[in-house]
Amino acid sequence: MKKRYSQHGSHAGSIPGLVHVSKNVYVYSGFTIRKSPRNAFNRSNSYLINKRDDNGGIDNYYGRDFALAEAMQTIDRIRNGPFISTR
């Protein structure tokens with residue numbers, strides 16, 4: 001059975017605000033969530049969070065989460081509160 005992905009501009013499955021752009025790329029609140037390929041060392045999926053700057057020239061990397069829901073929560077924390085680095 002072939003999977004049918006939602007078209008650009010609609011939500012992905014039952015998650016409002018999440019747009020499924022292609023097989024491995026999602027857009028949520030202006031951020032791009034990209035699914036990383038699995039390899040021999042990392043058997044689970046991971047999701048990379050990126051966002052273009054306002055000028056569109058630099059792609060800023062915001063981290064990696066191991067579930068799509070965690071990536072969305074990270075984006076919500078970045079957008080709603082002051083981002084505090086733990087370094």
Side-chain angles (χ1 to χ4, degrees):
M1 180 176 184
K2 279 189 170 181
K3 287 186 179 180
R4 293 185 184 249
Y5 297 104
S6 61
Q7 298 296 316
H8 180 72
S10 62
H11 65 279
S14 62
I15 305 171
L18 183 68
V19 178
H20 198 167
V21 177
S22 69
K23 183 178 177 182
N24 296 320
V25 178
Y26 300 87
V27 175
Y28 181 71
S29 299
F31 289 79
T32 302
I33 303 172
R34 190 169 42 93
K35 186 176 178 180
S36 296
R38 295 182 187 187
N39 60 28
F41 300 108
N42 183 10
R43 296 258 182 226
S44 65
N45 289 327
S46 62
Y47 296 86
L48 306 174
I49 303 169
N50 294 343
K51 182 174 170 66
R52 289 260 183 208
D53 66 347
D54 292 334
N55 298 330
I58 299 173
D59 201 17
N60 295 311
Y61 174 72
Y62 287 97
R64 181 175 89 173
D65 286 313
F66 293 100
L68 186 57
E70 289 176 357
M72 293 170 54
Q73 288 174 353
T74 300
I75 291 170
D76 289 337
R77 280 194 305 266
I78 291 170
R79 292 187 74 222
N80 295 332
F83 185 70
I84 300 172
S85 178
T86 57
R87 291 184 187 184

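Residue indices begin at 1 and follow the sequence shown. The analysis underlying the following values was restricted to heavy atoms, covering all of them including side chains, and did not include hydrogens, waters or symmetry mates.
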Quiz item: Can you tell me how far CZ of Arg79 sits from OG of Ser29, rounded to the nearest 0.5 angstrom?
Solution: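 Going from the OG atom of Ser29 to the CZ atom of Arg79 covers 4.0 Å.
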
Which heavy-atom pair separates [X] from [Y] by the least distance, and what is that distance?
X: Arg34; Y: Asn50; value: NH2-ND2, 4.2 Å
X: Pro16; Y: Tyr28; value: O-CE1, 4.2 Å
X: Ile33; Y: Tyr47; value: CG2-CB, 3.7 Å

Mind checking whether [X] and [Y] have side chains closer than 4.5 Å, heavy atoms only?
X: Leu68; Y: Leu18; value: yes
X: Phe31; Y: Ile78; value: yes
X: Lys51; Y: Ile75; value: no

Quiz prompt | Reference residue Asp65; test side chain to side chain contact (heavy atoms under 4.5 Å, CB included); the match among Leu48, Asn45, Thr74 | solution =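 With Asp65 as partner, Leu48, Asn45, Thr74 yield a single side chain to side chain contact (heavy atoms under 4.5 Å, CB included), made by Thr74.
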
